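What follows is a set of notes on a single structure, which appears directly below.
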Amino acid sequence: MSRIDWEESYSVNNEEIDNQHKTWIAIYNELDKTMLQGDLKEIDNITAGSLQKMQDYARYHFSFEEEFMQKIKYPDLVNHRRIHKDFDTEIYNYYRAMLDGQLVLNTKIIKLIRNWLIDHILQEDKKYRLFLEKHSNQT
Ligand SMILES: [Fe+2]
Ligand SMILES: [Fe+2]
């Protein structure tokens, strides 16, 4: 129900980054599916694992994207990097709380992650696409 389907409007006009976003969305969809169909006995292990997988992939993607923004001399890199870091901390906190048994993955968290992913790609990541388009028109 809350799975994400890739849409052309998500594109940042960079094939590698688009592919990374697609992979990241696939990891999210896996998490969402586990939540919907998971065996309650196994759900803690599975979701902690999926959350860790999401964090690992997010870190890989963030550093790739930050390097890319550095390369194109994107002026708002510091702010964008801070937003990435905040997300990383948030996921890490959920993951820790789950391992400590203080938190069970619920639809509210799934929804937060879902909204973050879509909003971030459509708003923040889109900004460097626009910057690049503007910049390449000038040269
Ligand atoms: Fe980003
Ligand atoms: Fe991104």
Side-chain angles (χ1 to χ4, degrees):
M1 205 164 72
S2 48
R3 66 170 278 125
I4 304 174
D5 290 305
W6 171 263
E7 288 169 29
E8 211 38 56
S9 64
Y10 294 174
S11 176
V12 293
N13 218 6
N14 176 292
E15 206 186 339
E16 172 60 28
I17 293 179
D18 281 348
N19 282 336
Q20 288 183 11
H21 286 156
K22 285 177 190 169
T23 302
W24 198 7
I25 286 171
I27 294 170
Y28 162 83
N29 283 336
E30 203 181 295
L31 194 70
D32 180 61
K33 201 169 138 200
T34 308
M35 264 296 292
L36 290 174
Q37 305 174 350
D39 175 346
L40 279 179
K41 271 184 286 177
E42 284 179 59
I43 203 162
D44 279 359
N45 282 333
I46 297 171
T47 48
S50 319
L51 214 52
Q52 189 176 31
K53 201 168 153 191
M54 166 160 293
Q55 176 150 52
D56 287 348
Y57 196 76
R59 284 180 178 170
Y60 164 73
H61 169 66
F62 289 163
S63 64
F64 184 93
E65 199 173 70
E66 286 163 16
E67 236 172 77
F68 173 77
M69 288 187 281
Q70 205 156 19
K71 219 160 56 190
I72 64 168
K73 296 188 167 57
Y74 179 63
D76 204 24
L77 172 62
V78 172
N79 187 45
H80 199 127
R81 189 179 266 145
R82 186 186 51 79
I83 296 170
H84 283 167
K85 184 87 190 100
D86 287 349
F87 180 79
D88 184 68
T89 306
E90 206 177 321
I91 296 297
Y92 181 74
N93 288 341
Y94 289 145
Y95 174 68
R96 287 301 317 171
M98 273 175 70
L99 289 187
D100 293 345
Q102 295 165 344
L103 178 83
V104 176
L105 197 74
N106 54 47
T107 44
K108 200 179 145 202
I109 297 172
I110 294 280
K111 213 179 253 176
L112 278 174
I113 295 175
R114 181 182 201 278
N115 290 343
W116 193 92
L117 265 177
I118 297 176
D119 287 352
H120 186 77
I121 294 173
L122 283 178
Q123 288 167 34
E124 292 309 315
D125 289 351
K126 259 312 161 51
K127 289 181 188 167
Y128 62 69
R129 173 189 171 154
L130 293 175
F131 167 78
L132 206 57
E133 282 169 1
K134 215 171 133 196
H135 185 79
S136 55
N137 282 344
Q138 283 167 353
T139 51

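Here the structure is a predicted model, which is why all the values come from computation and not from measurement. Every number for a ligand or one of its atoms is a count from 1 in the order of the listing.
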Below 2.8 Å of the Fe ion (ligand 1), tally up the protein N/O/S atoms for me. 5
Kindly check if the number of other-residue, nucleotide or ligand heavy atoms within 6.0 Å of NZ (K85) is above 12? no
Would you compute the distance between atom CG of L112 and atom CD1 of I91 and round it to the nearest 0.5 angstrom? 9.0 Å
Are Y128 and N14 close enough that some pair of their side-chain heavy atoms sits under 4.5 Å apart? no
Contact between L51 and M98 at the side-chain level, heavy atoms closer than 4.5 Å - yes or no? yes
Between N29 (side chain only) and I4 (backbone N and O only), is there a donor and an acceptor less than 3.5 Å apart? yes
Q20 vs H61, test: side chain to side chain donor-acceptor pair (under 3.5 Å). Steps then yes/no. CA-CA 7 Å; Q20 288 183 11; H61 169 66; 2.7 Å; yes
